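Everything on this sheet refers to the single structure shown next.
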Protein chains: 4
Amino acid sequence: MPDAARSRRLKPEQREAAILDAALEAFARHGFADARIEDIARVAQVSKGSVYLYFPTKQALFEALVRRDIGPRVAMARGFLDAYDGPLEIALQNLADMVSAIIDSGQTPIYPRLLVAESQRLPELVDFYRREVVGVLLAALSGLFARAMTKGEIAQDDPVMLAHLFVAPVLKALMWALVFTPTEPEPFRAGPYLAAHIRLFLKGLQHA
Amino acid sequence: MPDAARSRRLKPEQREAAILDAALEAFARHGFADARIEDIARVAQVSKGSVYLYFPTKQALFEALVRRDIGPRVAMARGFLDAYDGPLEIALQNLADMVSAIIDSGQTPIYPRLLVAESQRLPELVDFYRREVVGVLLAALSGLFARAMTKGEIAQDDPVMLAHLFVAPVLKALMWALVFTPTEPEPFRAGPYLAAHIRLFLKGLQHA
Amino acid sequence: MPDAARSRRLKPEQREAAILDAALEAFARHGFADARIEDIARVAQVSKGSVYLYFPTKQALFEALVRRDIGPRVAMARGFLDAYDGPLEIALQNLADMVSAIIDSGQTPIYPRLLVAESQRLPELVDFYRREVVGVLLAALSGLFARAMTKGEIAQDDPVMLAHLFVAPVLKALMWALVFTPTEPEPFRAGPYLAAHIRLFLKGLQHA
Amino acid sequence: MPDAARSRRLKPEQREAAILDAALEAFARHGFADARIEDIARVAQVSKGSVYLYFPTKQALFEALVRRDIGPRVAMARGFLDAYDGPLEIALQNLADMVSAIIDSGQTPIYPRLLVAESQRLPELVDFYRREVVGVLLAALSGLFARAMTKGEIAQDDPVMLAHLFVAPVLKALMWALVFTPTEPEPFRAGPYLAAHIRLFLKGLQHA
DNA sequence: GATGAATGAGAGTTCATTCAT
DNA sequence: TATGAATGAACTCTCATTCAT
C-alpha cells in the first residue's frame with residue numbers, strides 16, 4: 001500500500017467515529033429505512049464492508065449512534081442540574097436558553113424524531129431512552145423542583161409532575177423545528193416561546 | 001362463486017374504506033417504508049392489484065388515509081371551539097378530558113407520529129398538516145383565549161402564544177403514549193397529567 | 001339506456017372493426033408487448049371486457065388484425081399480376097410506383113416490421129405469412145417473369161429467383177422507412193430508389 | 001466454499017461477457033420486452049442482482065450488447081472495403097460469401113431483427129445504428145463503387161445509390177433467415193441467392 | 001351482449017448482508 | 001483488517017384476463 005493511501009487511512013476509533021457521523025447525517029436526512037449503508041460508507045470514506053466490521057447490522061449502527069451522542073449530553077445536563085443550588089428561575093432560564101440557541105441556530109438534534117419514528121421497530125431503543133435519557137433527566141429536574149419547594153421558592157406540588165410539565169414545551173419546540181422548519185416561510189422561534197413558557201410556568205407555581 | 005365467497009366480497013365504498021383501515025394498521029405498526037402493500041391488501045380482503053385501483057401509489061394511499069381521518073376530527077374540534085362561549089376553564093377541561101379519554105383507552109391516534117416520522121419524505125403532507133390541522137386548531141384555540149381576555153377571565157397576553165403553550169403537554173401526552181406505552185410497566189396516565197397542566201396554566205394566566 | 005347512448009353504440013361488425021383499427025395503431029406505435037389492451041379499448045370506444053368478446057387473447061387480436069388487413073391487399077396484388085399481359089417494365093414500374101407512393105406519403109404499413117419483431121413469439125403468424133402473403137406474391141411475380149421469358153422480353157433465368165431479387169429493394173425501402181424515418185433529418189425517398197432498382201434490374205435481365 | 005463452486009465462479013471480465021452472452025440469447029429468443037433478467041442471470045451463472053452491478057437497467061444492458069458486438073464487425077468490414085483495390089466483382093463476391101457462410105451455418109446475427117423490432121422503443125439505438133453501422137458501411141461500399149467507376153470497371157452512376165441497391169438482397173437474406181428458417185421445411189439458401197444477385201447486379205452495371 | 005372492477009402472477013429494481021480476496 | 005463484488009429476498013407496480021352485474 002502506498003504511503004499516501006496509508007496516511008489517508010484513519011485509525012480504528014476514527015473510522016468508527018466517521019461512520020457514526022455519516023450515519024447521523026444519513027438517518028437525519030432520510031430516516032432509518034431510507035438511509036443506505038452504502039451512502040454512509042462513502043461519506044465516512046470507508047468501504048461498505050467496513051461498516052459491518054464495526055457494527056453487525058444497520059440497526060446496531062443506529063443504536064450505537066444514539067448511545068454515543070445521547071449519553072454525554074444527558075450526563076452533562078444531569079451534572080448541571082444536580083449540582084445547581086441557585087434560584088429556580090435562573091436554572092430554568094439557562095436550560096431554555098441552551099435549547100433555544102441550539103434550535104434557533106438550525107442544529108436541532110434529530111434524535112427525538114428518530115425515537116418517535118422508529119419506536120415501533122426498536123423497542124430496545126425505547127427502553128434505553130426511558131432508562132438513560134428520560135428517566136435521568138426527569139429525575140434531575142424533579143430534584144430541582146423538590147429543592148425549590150424545600151427552599152420555599154414555589155408552592156408544594158408533585159415534583160415529578162412539574163418536571164413532565166416543564167419539559168413539554170421544550171419537546172414541542174424541538175419537534176416543531178424538525179417537522180415544520182424545512183418548509184416554513186417564517187420559522188418558529190424557540191427563544192420567545194420558551195421565555196413565555198417559563199414566565200407562565202413560574203407564575204403558576206407561586207404560592208397561593 | 002359460492003355464497004360464502006360472494007358474501008365475503010365487499011361493496012366498492014366498503015372496499016376503499018377497508019383498504020384505508022388496513023393501511024392505517026400497517027403504517028401504525030411498521031411505519032411507511034416497512035408497511036407492505038400485500039399485507040394491507042390481505043387484511044382488507046382485497047387483491048394486491050385492487051389497492052392500485054383505488055390509490056395510484058403507496059404514497060397516495062398514505063396521504064389519502066391521513067386526509068380521510070384527520071379532516072373530520074379537526075372540523076369537529078374547530079366547531080366546538082368556535083361556538084363555545086362559556087368559561088375558559090370548562091372548555092380547556094373538556095378538551096383535556098376528550099384527549100385523555102382517547103389516550104387512556106389505548107386508542108391514541110398514530111397520525112402525529114406518522115407526521116413526525118415521515119415529514120422528511122412527504123413535504124406535501126407537512127404542508128397539509130400546517131394548513132389544515134395545526135393552522136386551524138391553533139387559530140380556534142387562539143380565538144378561545146382572545147375571547148377569554150375580552151371577557152376579563154385572564155390577563156392580557158398573546159393569544160397565539162397561549163395556544164401554542166397550552167397545546168404542548170397535550171402533544172407530549174400523545175407522543176408519550178405512542179412511544180413508551182407498548183413497553184412500559186405502569187403506563188403514563190394522561191388524565192391527571194393534563195389536569196395538573198390546566199390547573200397550573202390557568203393560575204399562570206390569572207390577572208396579576 | 002338513453003337514446004343518445006344507444007345511438008352512439010356501434011353495431012357488432014363496426015365494433016370489431018373499431019377494435020382492430022385501434023389495435024393497429026397501438027401495435028404500430030408500441031409493438032406487441034407494450035401495446036395495452038386498455039388503450040386499444042379506449043381508442044375503440046369500447047370497454048376492456050368487450051375486446052375479449054371478440055378476440056379471446058391479445059395474440060388472437062394481433063393475428064386477426066394481420067389477417068384482416070393483409071388478405072385483401074395480397075389478393076389485389078395477385079389479381080393484378082396474374083391478369084397482367086403487357087410489357088414487363090410497365091408492370092414493375094407500376095408496382096414500384098404504388099409502393100413508393102405509400103411509403104413517401106408516410107403511410108408505410110407496419111406489418112412487415114411486426115412480422116419481423118414478433119416472429120419468434122408467433123410461429124403461426126409466420127406460417128400464415130409464408131402461405132398467404134409471401135408464397136402468393138412470389139408465385140404471382142414468378143409467373144410475371146416466366147411469361148416475360150416466354151415472350152422473349154428477358155433472358156432465360158430462374159423466375160422464382162428473379163422474384164426474390166426484385167422484391168429485395170422493395171422490402172428494404174419499407175424497413176428503412178419504418179426504422180429510420182421517425183428520427184431522420186432528410187427522409188429516404190423510395191421513389192428514386194426503386195426507379196434506379198428497376199433500371200438496373202432490367203438491364204441485368206437483358207439477353208446477352 | 002467447495003472447489004467445485006469456486007471454479008464455477010467467473011472472473012469479473014468473464015462475468016460481464018457471460019451476462020452479455022446470455023442477454024444476446026434471451027433477447028434473440030424472446031425480444032426485449034419478454035426477455036427476463038432472471039433468466040439472463042441464470043444462464044450467465046450469476047445472481048439477478050449482479051446483472052445490475054454491470055448494467056444499470058435492462059435497456060442499458062440491451063444497448064451495451066449491441067455496441068459490443070456490432071462495433072468490431074463494422075470496423076472489420078470497413079477496413080476490408082477501404083483497403084481493397086482489386087476488381088469489383090471479387091470484392092462483392094467475397095462479401096457475399098462471408099454473409100452466406102454465416103447465414104447458411106445457422107448463425108445469423110439477430111441484431112438487424114432487434115433493431116427493427118425495438119426501433120420504436122429505443123430511438124437512441126436507431127441513431128447509433130445510423131451513425132455507426134449503416135452510415136459507415138454504406139460509405140465504405142460507396143467508395144468501392146466510386147473507385148470501380150474511376151477505373152472504368154462499371155458505368156457512371158450514383159455510388160451511394162448503388163451501395164443501397166447492392167445491400168438490399170443481403171438484408172433480405174438476413175431477415176428471411178431470421179424470420180422463416182425456424183419453421184421452414186427446406187431452408188432458404190443465401191449462397192445461391194446472393195450469387196445470382198451479384199451476377200445480375202454486375203450485368204446491370206456494365207457500360208452501355 | 002356489454003361493462004369495468006377485480007384479480008394475481010410476474011416483472012424490474014433495490015439494498016442489507018456476506019465473503020473471497 | 002479492509003475491501004467491494006456478489007447475493008437473493010423482498011418490494012412496488014403492471015396488465016392480460018376473468019367475472020359479477
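Please read these numbers as outputs of a predicted model, since none were measured by experiment. Reminder, nothing fancy here: chain letters follow the sequence lines and each chain counts from 1.
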Given E:dT14, E:dT3, E:dA6, which nucleotide is nearest the side-chain atoms of C:Leu53?
-> E:dT3

Mapping C:Ser50 and D:Gln59 to their closest nucleotides on DNA chain E, which lands nearer the 5' end?
-> C:Ser50

For A:Phe55, which contact category applies under a 4.0 Å heavy-atom criterion: base, sugar-phosphate, or nothing?
-> nothing

dist C:Leu65:CG -> C:Leu125:CG (nearest 0.5 Å) comes out at 10.0 Å

Using the closest heavy atom to pick a nucleotide of DNA chain E for each, name whichever of D:Ala35 or B:Ser47 lands nearer the 5' end.
-> B:Ser47

Minimal heavy-atom distance between D:Arg121 and D:Ala33, with the atoms involved, is NH2-CB, 3.7 Å

Given E:dG10, E:dG12, E:dA6, which nucleotide is nearest the side-chain atoms of B:Lys48?
-> E:dG10

Among the candidates E:dG12, F:dT12, E:dT17, find the nucleotide nearest to the side-chain atoms of D:Arg36.
-> E:dG12

When we call it a touch if two heavy atoms are under 4.0 Å apart, what does D:Lys58 touch: a base, just sugar-phosphate, or nothing?
-> sugar-phosphate

Kindly determine whether A:Val66 and A:Tyr111 satisfy side-chain contact (heavy atoms from CB on, under 4.5 Å), including the steps that lead there.
-> CA-CA 7 Å; A:Val66 175; A:Tyr111 295 103; 4.0 Å; yes

Minimum-distance nucleotide (side-chain atoms of C:Arg15 versus E:dA9, E:dC15, E:dA2) | E:dA2

Between E:dC15, E:dG10, F:dT7, which one does the side chain of D:Val46 approach most closely?
-> F:dT7

So what does B:Ile37 touch, heavy atoms closer than 4.0 Å: a base, only the sugar-phosphate, or nothing?
-> sugar-phosphate

Under 30°, 30 to 60°, or over 60°: which ring-plane class applies to C:Phe62 and C:Phe32, parallel, tilted or perpendicular?
-> perpendicular

